[in-house]
Protein chains: 2
Amino acid sequence: MKDQKELMNLPHKTIERLSQYRRALLICVDEGRTHIYSHEIAKIQHITPVQVRRDLMLIGYSGTLRKGYNISELINLIGTIIDSEKVTNVALVGVGNLGRALIKYFNGKRHKLYIAAGIDINPEKIGKDYYGIPCYGPEDMERIIKEKDIRIAILTVPVQNAVESAQRLVDAGIKGIVNYTNKPLNVPSGVYLEEYDMVTTLEKVAFYVKLGEMEKGKD
Amino acid sequence: MKDQKELMNLPHKTIERLSQYRRALLICVDEGRTHIYSHEIAKIQHITPVQVRRDLMLIGYSGTLRKGYNISELINLIGTIIDSEKVTNVALVGVGNLGRALIKYFNGKRHKLYIAAGIDINPEKIGKDYYGIPCYGPEDMERIIKEKDIRIAILTVPVQNAVESAQRLVDAGIKGIVNYTNKPLNVPSGVYLEEYDMVTTLEKVAFYVKLGEMEKGKD
DNA sequence: AAACTTTTGTTATAAAAATAACATTGTTAA
DNA sequence: TTAACAATGTTATTTTTATAACAAAAGTTT
Ligand SMILES: NC(=O)c1ccc[n+]([C@@H]2O[C@H](COP(=O)([O-])OP(=O)(O)OC[C@H]3O[C@@H](n4cnc5c(N)ncnc54)[C@H](O)[C@@H]3O)[C@@H](O)[C@H]2O)c1
Ligand SMILES: NC(=O)c1ccc[n+]([C@@H]2O[C@H](COP(=O)([O-])OP(=O)(O)OC[C@H]3O[C@@H](n4cnc5c(N)ncnc54)[C@H](O)[C@@H]3O)[C@@H](O)[C@H]2O)c1
């Protein structure tokens, strides 16, 4: 395995792409393939083959000339880089429509990340299982985080509860948050935060579609 | 309004941030504020004040010294840049858990983007409304896209239907796709594609959490 | 077996993005 | 009224990211 220094120096974009490469490679394994060329990975990811080779160079993986990369080896190597050694447990806070969609989508996809608990305020949900994941009440949050050694939380509560929930998660010792609520959060340094908003994605698409049409109209 | 040349030259990241600024500004308006400083926007977005001012410079907006930026003016200007003049209609293909969460989240948030139709194969869903949006069968897809002048599609079908659905959307003249399925797609040039996978987001967070812990363990 | 092809791996260059430096200008206050 | 301040706006620089160029190797073709 690469040592810490090297991991730290990997570009952020490379980390993202490694995750995406693995996703694509896992699909290839399912299709029964054993090797893949850089230009094939590139096509799947909508990037250039050089970009792929450069990323793989950075993580020190070598393919075979004219044969490409060994898919399962590469999957394993990506695992040693981006995964922790032990399973990292995740809590999903707010077991609503989005939360359930995420649990269903995520669990089982990766070996080293596991949504180990749902947290919801709705009494009808507490005590139930959702796609095999037990749902607890907010009063148990701190305890469950400790007991299950949960490091990361996904936040899918209604927006008006976002700030309070995030604060409690941070206080309970969470080290990473993925925030899907409409409210940008502030967390202390030492807590890694990612936010995603589909409105931005859609607006970006709409902008470039508009630009494309203006371009065409010009002719 | 900025002319096309200028729009085209805006950095992609600036486009994303403009969307995010607007989201934050709309919250500020709700809170009754009229002006905001670059450092306040920056704090919300987890970026630097210089970045904010630079973006606003690029779109030609000027604030008032020691008073900051006029929030509603800025919201309007961002609108003239990233929105189209007319409402852009969007179709949501796959009215499942994720699809419904997205409809509920999205509609009403923006004036110039509207999810105008759901498409689903499930006979129980066809003909029903979801959060006010009518759901049609796949056999009506092409007709509805034409009738409602739908330009953009959000893809939330099961992964095994992703490729076929995307092909039909492209054939029907869709100009932009947001793909949430686990299958990376290929679209012809002229169709703008964005893909999002929460697994990548979560893995990225997990990686930096791991790095943070290795860092600490070092001391 | 020599020339060609295809693919990897690396270094060099270019492009994009972020940051820093600094000039400017109202406002406050000594 | 002038010095200090707090904010914007712009240009310069640095950093990050992506692309291009090219060398090397293994196979293929002639
Ligand atoms: N970022 C995006 O792209 C995106 C997309 C869709 C929805 N959203 C947002 O995600 C959130 C969830 O959306 P949804 O459609 O699932 O809503 P939902 O109402 O179906 O689910 C919210 C859940 O949170 C629970 N809850 C409320 N307060 C809580 C608390 N204090 N602690 C724990 N659980 C609590 C509710 O009981 C409910 O089950 C909303 O904030 C929504 O705006 C974001
Ligand atoms: N990218 C992400 O982060 C993310 C997160 C969650 C889910 N997903 C993916 O999003 C998709 C939807 O997830 P979900 O939980 O809502 O699943 P779901 O099964 O609840 O919904 C899928 C819907 O698509 C409909 N459908 C099936 N075939 C169709 C077709 N040919 N045309 C139109 N509709 C069709 C089904 O009837 C169903 O209503 C899945 O592919 C899932 O893997 C992605």
Side-chain angles (χ1 to χ4, degrees), chain A residues 2 5-21 25 28 33-71 73-74 77-78 81 200 204 207-208 211, chain B residues 2 5-21 25 28 33-71 73-74 77-78 81-82 189 200 204 207-208 211:
Chain A
K2 301 259 119 186
K5 184 87 184 295
E6 283 182 70
L7 290 189
M8 284 207 42
N9 291 335
L10 288 174
H12 286 220
K13 294 279 184 161
T14 296
I15 298 298
E16 271 179 32
R17 281 191 299 264
L18 288 176
S19 166
Q20 288 163 359
Y21 296 162
L25 293 170
C28 293
R33 305 185 54 180
T34 63
H35 288 75
I36 192 165
Y37 298 124
S38 59
H39 67 258
E40 296 176 294
I41 299 178
K43 176 113 191 271
I44 298 170
Q45 299 301 141
H46 317 299
I47 57 177
T48 65
V50 188
Q51 180 80 83
V52 174
R53 293 204 293 277
R54 212 172 184 296
D55 285 334
L56 299 190
M57 186 195 81
L58 291 176
I59 65 172
Y61 186 67
S62 288
T64 310
L65 251 166
R66 307 203 51 145
K67 220 177 149 190
Y69 301 94
N70 180 304
I71 294 176
E73 268 180 30
L74 186 47
L77 179 60
I78 292 175
I81 291 164
T200 292
K204 196 175 156 192
F207 174 80
Y208 286 106
L211 219 61
Chain B
K2 303 258 116 186
K5 185 86 185 297
E6 283 182 73
L7 290 190
M8 285 206 40
N9 291 335
L10 287 175
H12 287 221
K13 293 280 184 158
T14 296
I15 298 299
E16 272 179 33
R17 281 191 298 264
L18 289 175
S19 166
Q20 289 162 0
Y21 296 161
L25 293 170
C28 292
R33 303 185 54 181
T34 64
H35 288 74
I36 192 166
Y37 298 124
S38 59
H39 67 258
E40 295 176 295
I41 299 178
K43 176 116 191 269
I44 297 170
Q45 299 302 140
H46 316 299
I47 58 178
T48 64
V50 187
Q51 180 81 83
V52 174
R53 292 202 296 275
R54 212 174 184 293
D55 285 334
L56 299 189
M57 185 195 81
L58 290 175
I59 65 173
Y61 187 66
S62 289
T64 310
L65 250 166
R66 308 204 52 147
K67 219 176 149 192
Y69 301 94
N70 180 304
I71 294 177
E73 267 181 34
L74 186 47
L77 179 59
I78 292 175
I81 290 164
I82 68 177
S189 78
T200 292
K204 196 174 158 196
F207 174 79
Y208 286 105
L211 219 60

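Values below: every heavy atom of this structure, side chains too, minus hydrogens, waters and symmetry copies. Proteins come first, then strands; the chains are lettered A, B, ... in the order of their sequence lines, and each starts at number 1. Values in this document were obtained by computation on a predicted structure and should not be read as measured data.
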Completion exercise
Between CE of M57(B) and C1' of dA7(D) the distance, given in whole Å, is 17 Å
Practice task
Return the value, rounded to whole Å, for the distance between atom CG of L56(B) and atom C1' of dG9(D).
Solution key: 10 Å
Extract from the structure each pairing of a protein N or O with an N or O of nucleotides 26-30 of chain D at less than 3.5 Å, listing the distance.
none

Practice task
Sequence neighbours left out, what passes side-chain hydrogen bond (donor to acceptor under 3.5 Å, both in side chains) with R54(A)? Give chain and number order.
Solution key: none
Completion exercise
By side chain to side chain contact (heavy atoms under 4.5 Å, CB included), Q45(B) pairs with (sequence neighbours left out) Q20(B), Y21(B), A24(B), I41(B), I47(B)
Fill in the blank from the handout: The side chain to side chain contact (heavy atoms under 4.5 Å, CB included) partners of K67(A) (sequence neighbours excluded) come to H35(A), T64(A)
Practice task
Starting at CG of L74(A), measure out to CD1 of I36(A) and round the result to the nearest 0.5 Å.
Solution key: 9.0 Å
What nitrogen or oxygen pairs link the protein and nucleotides 13-19 of chain D at under 3.5 Å?
from	atom 1	to	atom 2	distance (Å)
dA18(D)	OP1	R17(A)	NH1	3.4
dA18(D)	OP2	R17(A)	NH1	2.8
dA18(D)	OP2	R17(A)	NH2	3.1
dT19(D)	O4	R54(A)	NE	3.1

Handout entry: Set of residues satisfying side-chain hydrogen bond (donor to acceptor under 3.5 Å, both in side chains) with respect to H12(A), sequence neighbours excluded
Key = Y208(B)
Problem - Contacts of type side chain to side chain contact (heavy atoms under 4.5 Å, CB included), residue T48(B), not counting sequence neighbours - result: V50(B), Q51(B)
Handout entry: salt bridge (charged side-chain N to carboxylate O under 4.0 Å, His left out) partners of R66(B), counting only residues at least two apart
Key = none
Handout entry: Contacts of type side-chain hydrogen bond (donor to acceptor under 3.5 Å, both in side chains), residue S19(A), not counting sequence neighbours
Key = T200(B), E203(B)
Exercise for the section: Using atom CG of L74(B) as one end and atom P of dT8(D) as the other, report the distance to the nearest whole Å. Expected result: 12 Å
Handout entry: Span of DNA chain C, from the first to the last nucleotide whose atoms fall under 4.0 Å of chain A heavy atoms
Key = dT5(C) to dA12(C)
Completion exercise
By side chain to side chain contact (heavy atoms under 4.5 Å, CB included), P11(B) pairs with (sequence neighbours left out) T14(B), L58(B)
Completion exercise
By salt bridge (charged side-chain N to carboxylate O under 4.0 Å, His left out), R17(A) pairs with (sequence neighbours left out) D55(A)
